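Step one of this worksheet: look at the structure below.
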Amino acid sequence: MVWTDNDRVGVYFLEFGAAPRASSVLYDRKDSAIAHIAPGMVDWKQVFAGARWFHVTGITPALSPSAADATAEALKAARAAGVRTSIDLNYRNKLWTPTKRGGA
């Protein structure tokens with residue numbers, strides 16, 4: 001875990017629907033701490049010591065270009081450490097476009 005005094009935690013709000021209106025979710029993750037993560041901030045060697053699996057979601061790299069770079073760094077470090085990886089692509093069309101590389 002990397003602590004910061006300069007950023008905030010992302011949050012989301014769930015509003016339960018009532019028929020015929022569906023439930024809705026509002027995400028507030030722009031400028032959250034994870035959106036500001038960057039390569040070099042995490043000691044991946046220490047993180048992966050003794051680990052067998054590393055799971056990542058497609059949402060994290062969509063939050064910012066630096067989060068995308070940090071995700072790529074993590075996956076490369078996991079491979080170097082012999083850690084198996086898995087990914088939940090979890091595509092969100094509000095975060096990704098065909099031409100956009102991270103940074104909602």
Side-chain angles (χ1 to χ4, degrees):
M1 191 172 290
V2 177
W3 292 98
T4 176
D5 292 328
N6 301 319
D7 297 307
R8 64 183 185 81
V9 173
V11 295
Y12 73 93
F13 303 93
L14 170 62
E15 179 183 10
F16 291 104
R21 190 177 59 78
S23 296
S24 90
V25 177
L26 172 69
Y27 294 95
D28 180 16
R29 45 191 170 207
K30 185 174 175 72
D31 291 322
S32 63
I34 193 62
H36 292 159
I37 195 165
M41 290 178 69
V42 176
D43 181 354
W44 295 113
K45 207 174 237 186
Q46 180 182 357
V47 169
F48 294 133
R52 294 186 304 163
W53 280 93
F54 176 62
H55 181 76
V56 67
T57 174
I59 291 174
T60 304
L63 296 177
S64 69
S66 65
D69 292 341
T71 302
E73 177 187 61
L75 289 166
K76 288 175 190 169
R79 173 177 262 181
V83 174
R84 290 182 177 191
T85 59
S86 61
I87 185 166
D88 174 0
L89 296 178
N90 209 348
Y91 177 77
R92 297 288 193 265
N93 62 352
K94 291 181 181 178
L95 296 177
W96 290 103
T97 68
T99 58
K100 190 183 212 173
R101 183 187 156 274

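What you are looking at is a predicted structure, and each value in this text was computed from that prediction instead of being measured.
Both Leu89 and Leu75 belong to a common hydrophobic cluster when Ile, Leu, Val, Met, Phe, Trp and Tyr are linked at side-chain heavy-atom distances under 4.5 angstrom. In this structure, Val11 is a member of the same hydrophobic cluster as Leu26, with clusters built from ILVMFWY side-chain heavy atoms closer than 4.5 Å. Under the 4.5 Å side-chain contact rule for hydrophobic residues, Phe16 and Tyr12 share a cluster. Tyr27 and Val56 sit in two unconnected hydrophobic clusters of ILVMFWY residues. Membership requires side-chain heavy atoms under 4.5 Å apart, directly or through other members. When hydrophobic clusters are built by joining Ile, Leu, Val, Met, Phe, Trp and Tyr residues whose side-chain heavy atoms come closer than 4.5 Å, directly or via intermediates, Trp44 is grouped together with Val2.
Within a 6.0 Å radius of CZ in Arg52, no more than 12 heavy atoms belonging to other residues, nucleotides or ligands are found.
Pairing each heavy atom of Asp7 with each of Ser32, the nearest pair is CB-C, 4.4 Å. Here the closest heavy-atom approach between residue Pro61 and residue Ala68 is recorded as O-CB, 3.4 Å. Looking at every heavy atom in both residues, Phe48 comes nearest to Val83 through CB-CG2, 3.9 Å. Closest approach of Ala38 and Ala70 over heavy atoms only: C-CB, 3.9 Å.
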**OP:** Start with the C-alpha distance between His55 and Asp88, add both sets of side-chain angles, then the distance that settles side chain to side chain contact (heavy atoms under 4.5 Å, CB included), and finish with yes or no.
**Re:** CA-CA 8 Å; His55 181 76; Asp88 174 0; 3.6 Å; yes
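Annotation: the span from Thr60 atom OG1 to Ile87 atom CD1 amounts to 9.0 Å, rounded to 0.5 Å.
Between the Ser66 side chain and the Ile37 main chain, a donor and an acceptor come within less than 3.5 Å of each other. Within the 3.5 Å criterion, the main-chain N or O of Ala67 finds a donor-acceptor partner in the side chain of Ser64. Formation of a donor-acceptor pair under 3.5 Å by the Ser24 side chain with backbone atoms of Glu15 is not found in this model.
By the salt bridge (charged side-chain N to carboxylate O under 4.0 Å, His left out) test, Arg8 is found to be paired with Asp28, residues two or more places apart in sequence or in another chain being considered.
Contact annotation: the side chain of Ile34 never approaches that of Arg29 to less than 4.5 Å [non-hydrogen atoms, C-beta and beyond].
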